[in-house]
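Taking it in order: structure first as structure tokens, then the write-up.
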Amino acid sequence: MIDLKYLQNNFEESSLKLQKKRVNLSTLETLKTLFLALKEANSSFETAKAEQNTLSKTFGEYKKEGKETTELKTKVDSNKETIALLQERAREAEIALESVALSIPNFPDDDVFVGEDETQNVELRKVLEPKVFDFAPKEHWELSEISGWIDFERGVKLAKSRFSILKGAGSRLERALVNFFLDTNTKKGFEEYSVPFVNNGAMLQGTGQLPKFADDLFKIEEENLYLIPTAEVPLTNIYHDEILLEKDLPQLMTAYTPCFRKEAGSAGRDTRGIIRQHQFSKVEMVAIAHPQKSDEVFEMMVQNASDILTALELPHRVVALCTGDLGFSAAKTIDLEVWLPGQNQYREISSISNTRDFQARRAKIRFKDGKKNSFVHTLNGSSLAVGRTIVAIMENHQNEDGSINIPAVLKPYM
RNA sequence: AGAGAGGUGGCCGAGCGGUUGAAGGCGCACGCCUGGAACGCGUGUGUAGGGCAACCUACCGAGGGUUCGAAUCCCUUCCUCUCUGCCA
């Protein structure tokens with residue numbers, strides 16, 4: 001959630017920022033109007049309520065002293081009706097405001113390049129040169145036909161399309177990667193967590209998936225729970241509605257979880273292979289940071305993910321997303337794109353974002369900031385998406401006969 | 001899943017229809033005391049919103065109801081604990 005008071009007081013500036021994220025000016029004007037309406041409604045409700053409280057006290061005193069209360073009672077009764085009306089109005093104003101406010105994305109940072117879409121993202125650097133093959137490198141699904149690591153058909157049989165099965169060395173590779181990622185993150189100071197793979201709606205609202213992106217979530221209807229689309233949701237919300245001590249910041253967390261996404265709107269994209277599945281494994285980093293330290297933590301997270309790719313001998317590039325490609329909650333995002341020789345292109349394998357206080361405000365995560373309480377900054381990033389790492393290893397480390405070389409760092413894990 | 005008990009401030013723990021945002025204790029902060037410290041004494045110490053100063057409003061798991069007035073009574077719901085059942 002953006003800071004509505006800030007929006008009210010700095011409307012011009014705020015709307016310019018949010019227009020970079022393609023929010024209509026009219027939506028923002030509505031938002032501001034609703035915000036002011038809520039304040040007004042609350043104010044009159046509270047005034048009436050204060051009056052009622054005074055009357056009630058007087059009533060008690062009259063009773064105690066044995067005074068006549070009939071006249072007072074009529075006054076109180078009529079005021080009561082007014083209050084009920086004002087309360088209803090305030091409640092409606094709040095609902096009206098929320099329905100708009102919760103769907104407004106975060107402000108982009110000022111230093112984020114202003115662009116329309118992913119074509120205008122900014123490449124910051126390349127790490128490792130793509131290997132030159134003396135044969136035509138295959139795509140991972142072709143390689144799978146030789147190694148048998150991935151069973152696409154039977155995965156679909158078990159569930160539906162966009163589900164698959166890993167087996168044998170393919171499955172072991174997944175497990176090895178998970179362990180390698182977690183160990184590496186732990187060495188960087190992240191604490192390992194094992195979290196619920198289903199979360200309730202309040203948590204998903206906290207990190208920004210709800211209410212706007214309900215279509216992309218698997219929901220367990222009768223339980224009112226959702227399969228997590230990323231470990232960012234449970235990890236960030238560990239401190240939902242809590243106030244941390246300044247000395248406990250930053251909290252660096254990491255977890256392996258499967259991730260579940262409906263991929264609504266991606267019909268027809270990446271239909272072959274395991275690049276885009278309804279279920280995939282991922283190791284996630286989440287940081288709860290002091291507002292003045294979040295940039296530092298952000299850089300560390302980007303570097304960590306990049307180092308992991310380098311350790312796996314995977315060529316990649318570091319890309320700063322432009323405003324038009326930024327996610328809903330993000331103020332700033334850097335993607336790591338790994339080279340896929342079979343596809344002959346770079347593909348996203350990690351995305352690291354600083355959401356500033358956007359999620360913190362939604363999830364009410366604060367810290368003791370001297371005398372007052374302030375919102376923390378929350379950050380999240382993949383380290384890494386396991387399925388896509390498998391793809392990258394297969395394609396980058398393939399031999400002409402279709403066999404795959406396992407990177408040296410993974411040998412102890414296999 | 002069935003039966004019972006319970007959910008109060010950072011923690012423990014009173015309150016069971018009125019001036020209680022909530023006694024008391026612990027913890028914490030500041031001050032006094034001390035050479036310094038402990039002890040002792042004093043003061044302060046929840047969150048959110050509005051005015052943004054005095055002050056006002058809301059919150060005693062959540063939601064609704066009764067009442068002039070509810071932490072206190074009623075209903076619904078969630079959670080925790082104990083016993084039984086079931087299960088990895």
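Bear in mind the structure is a predicted one, so any value in this text is a computation, not a measurement. Residue numbers begin at 1 in each chain, while the letters A, B, ... track the order of the sequences.
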Nucleotide [N], atom [atom2] - distance to [atom1] of [X] in whole Å:
| X | N | atom1 | atom2 | result |
| --- | --- | --- | --- | --- |
| A:Leu55 | B:U19 | CG | P | 16 Å |
| A:Lys57 | B:A70 | NZ | P | 12 Å |
| A:Gln8 | B:G51 | CD | P | 8 Å |
| A:Ile83 | B:C68 | CD1 | C1' | 11 Å |
| A:Leu38 | B:A58 | CG | P | 16 Å |
| A:Gln52 | B:G18 | CD | P | 18 Å |
| A:Asp3 | B:A48 | CG | C1' | 14 Å |

For A:Tyr193 and A:Glu191, which heavy atoms make the closest approach, and how far apart are they?
CD1-O, 3.2 Å
Rounded distance in Å between the [atom1] positions of [N] and [M]:
| N | M | atom1 | result |
| --- | --- | --- | --- |
| B:A58 | B:U20 | C1' | 15 Å |
| B:A38 | B:G31 | P | 12 Å |
| B:U8 | B:A70 | C1' | 14 Å |
| B:G25 | B:C39 | P | 15 Å |
| B:G61 | B:G24 | C1' | 24 Å |
| B:G9 | B:A71 | P | 14 Å |
| B:G7 | B:G63 | C1' | 16 Å |

Donor-acceptor side-chain pairing of [X] and [Y] below 3.5 angstrom:
| X | Y | result |
| --- | --- | --- |
| A:His316 | A:Ser306 | yes |
| A:Gln345 | A:Glu337 | no |
| A:Ser164 | A:Arg154 | no |

Between [N] and [X], is there an OP1 or OP2 to side-chain N/O distance shorter than 4.0 Å?
| X | N | answer |
| --- | --- | --- |
| A:Lys49 | B:U57 | no |
| A:Lys368 | B:U47 | yes |
| A:Asn42 | B:U57 | no |
| A:Asn53 | B:U57 | yes |
| A:Asn373 | B:A48 | yes |
| A:Lys80 | B:G69 | yes |
| A:Lys5 | B:G49 | no |

Check every atom of B:U57, B:G64, B:U19 against the side chain of A:Arg91 and return the nucleotide holding the closest atom.
B:G64
Of the nucleotides B:C68, B:U19, B:U57, which has the atom closest to the A:Ala50 side chain?
B:U57
Quick check with a 6.0 Å cut-off and a 45 degree axis cone: is A:Lys73 positioned over the face of A:Phe59's six-membered ring?
no
Any salt bridge linking A:Lys188 with A:Asp183? Criterion: basic side-chain nitrogen under 4.0 Å from a carboxylate oxygen.
no
